[in-house]
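A quick write-up on the structure given underneath.
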Amino acid sequence: MAIILGIESSCDDTSAAIIKDGILLSNIIANQSVHEFYGGVIPELASRAHLQNIVPVVSMAIKTAEITKNEISAIAFTRGPGLLGSLLVGVSFAKGFAKALNIPMVEVNHLQGHILAHFLDEKNKQNPHPEFPFLCLLVSGGHTQMVVVKDYMNFEIIGKTVDDAAGEAFDKCAKVIGLPYPGGPVIDKLAKEGNASAFAFAHPVVGGLDYSFSGLKTSFLYFIRDRIAQNPDFIEQNKADLCASLQNAIIRILLKNLIKASEMTEIKEIAISGGVSANSGLRNAIVDEGKIKNWKVYLPQLKFTTDNAAMIAITGYFKYLNNKTCGYDIIPSARI
Ligand code: KG4
Ligand code: ZN
């Protein structure tokens, strides 16, 4: 029997989860509303909020799972990538807790966690698991990558963004039209009422399977600036169409390389993960494309798309079973 406590603190969500023999028993997440006021994550404030939240969040995860701390076999924690101050809180907590219980620690790469979230099962709910090898489009606030997942421990990145991440494109463009942070979910909601073909924005030109979103962001910014010069109420009068058109542009960019990657690798098991995989337009577009291309599409449950410790615990569980533990001298890494 293996019981893993997972801890996630890479950005602005403090989370703890318990996995017992591959089954998720609890997944507690404390969001940090303090950043909304500033329109983005303030690293210093994130570290402080993690310090405030980590003990109650872990206690709640253990209580909800109806286990005792002495039953825990190992502690899995996010080592990176992420904000260093945020990571330090989770890693330091994991060290103290592991040392006190005299149990091993397992370091987890946050991005692998997002991908392996597809293997999370709950007590009365077995989710469909992709078969190896599968293609995973990982789209979050900090990363955009195309990954061939060969098994639980074997990943090959075949494409990535050369500048902004897809989530950043959502968030930065949202800010331009005065939407609150994080902008992705707000754009998703407003886009449902808008016309996706109302406006056109620049599509990037990059080679291979790489992505670029900074050109789109600039094109959006200049477009808004020019239209406001003619009509100061332009944003208010066109908010839904702007959101739908922007979202459509991001989806088209993401989908283009996914189709290319599937053709190049001849892989038809297709998964998406990360915060942006919560986007309803992207989910629908991939399902629709999958019908044409004969893909088997895997969409994570919404609660496992944005940052959570369940994905860290399941990754830690697989690593623990493979004896991939680490020493107590481990340090976090902002960039892995
Ligand atoms: O995976 P995540 O929680 O954190 C990182 O590892 O970066 O992703 C957060 C990102 C943010 O940029 C947020 O705007 C975006 O995911 N996001 C969405 C949606 N929900 C979250 N973007 C578009 N549509 C959504 N529904
Ligand atoms: Zn993430």
Side-chain angles (χ1 to χ4, degrees), residues 6-15 17 27 29-32 35-36 39-41 43 46 50 77-83 86-87 90 108-118 136-145 147 160-161 164-177 179-192 194 196 211 213 216-217 243-255 271-286 299-312 314-315 334-336:
I7 292 174
E8 157 62 30
S9 73
S10 66
C11 190
D12 60 340
D13 294 305
T14 319
S15 183
N27 182 34
I29 305 172
N31 305 114
Q32 302 181 359
H35 308 289
E36 282 164 23
V41 177
H50 282 306
F77 61 95
T78 304
R79 182 176 165 227
L83 300 170
S86 290
L87 292 165
V108 172
N109 179 312
H110 180 82
L111 304 178
Q112 289 185 1
H114 271 303
I115 294 172
L116 295 184
H118 281 282
C136 188
L137 175 64
L138 168 58
V139 271
S140 73
H143 296 85
T144 298
Q145 293 182 345
V147 184
K160 59 182 182 326
T161 181
D164 292 345
E168 245 177 313
F170 271 107
D171 297 341
K172 287 179 176 172
C173 291
K175 203 169 180 179
V176 170
I177 54 172
L179 298 177
Y181 177 86
V186 189
I187 289 183
D188 190 354
K189 199 165 161 222
L190 289 169
K192 293 196 170 97
Y211 285 110
F213 288 100
L216 172 67
K217 180 188 66 189
C243 290
S245 302
L246 174 72
Q247 178 171 295
N248 184 47
I250 295 174
I251 293 170
R252 293 301 127 208
I253 295 168
L254 289 173
L255 215 55
I272 51 171
S273 58
V276 179
S277 72
N279 186 268
S280 59
L282 178 64
R283 293 167 85 95
N284 292 337
I286 288 185
L299 305 175
Q301 282 191 59
L302 288 180
K303 62 183 174 187
F304 300 137
T305 55
T306 46
D307 290 349
N308 64 83
M311 67 188 202
I312 304 305
I314 191 71
T315 308
R335 290 167 185 272
I336 296 184

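On a predicted model such as this, the values are computed, not experimentally measured, just so you know. Whatever order the structure lists ligands and atoms in, that order sets their numbers, starting from 1.
Among the atoms of Gly183, none of the N or O lies under 3.5 angstrom from an N or O of ligand 1. Between Asp307 and ligand 1, at least one N/O pair is under 3.5 Å apart. The shortest N/O to N/O separation between Asn279 and ligand 1 falls below 3.5 Å. At under 3.5 Å, a nitrogen or oxygen of Asp188, whether backbone or side chain, sits near a nitrogen or oxygen of ligand 1. Residue Pro182 places no N or O, backbone or side chain, under 3.5 Å from any N or O of ligand 1.
Atom 9 (C) of ligand 1 has as its closest protein heavy atom Gly141 N, 3.7 Å. Nearest protein neighbour of atom 12 (O) of ligand 1, counting heavy atoms only, is Asp171 OD2, 2.6 Å. Looking at atom 17 (N) of ligand 1, its nearest protein heavy atom turns out to be Gly275 O, 3.5 Å.
Nearest residue to atom 25 (C) of ligand 1 from Cys11, Gly184, Ser10, Gly142 is Gly184 (criterion: closest heavy atom).
Counting the atoms of ligand 1 from 1 in the order shown, those under 4.0 Å from a heavy atom of His114 are 1 (O), 6 (O). Ligand-side atoms of ligand 1 in range of Gly167: 12 (O), range being under 4.0 angstrom from any heavy atom. Listed by number with element, the atoms of ligand 1 under 4.0 angstrom from any heavy atom of His110 are 6 (O). Near Ala278, the atoms of ligand 1 lying under 4.0 angstrom from a non-hydrogen atom of the residue are 20 (N), 26 (N). Close contacts of ligand 1 with Thr306, meaning ligand atoms under 4.0 Å from a residue heavy atom, involve 3 (O), 21 (C).
The one candidate from Asp307, Ile336, Thr315 that meets the side-chain contact (heavy atoms from CB on, under 4.5 Å) condition with His110 is Asp307.
For Lys189, the NZ atom is loosely surrounded, since the number of other residues' heavy atoms within 6.0 Å does not exceed 12.
For the Zn ion (ligand 2), the neighbouring protein N/O/S atoms at less than 2.8 Å, given as residue and atom, are His110 NE2, His114 NE2, Asp307 OD1.
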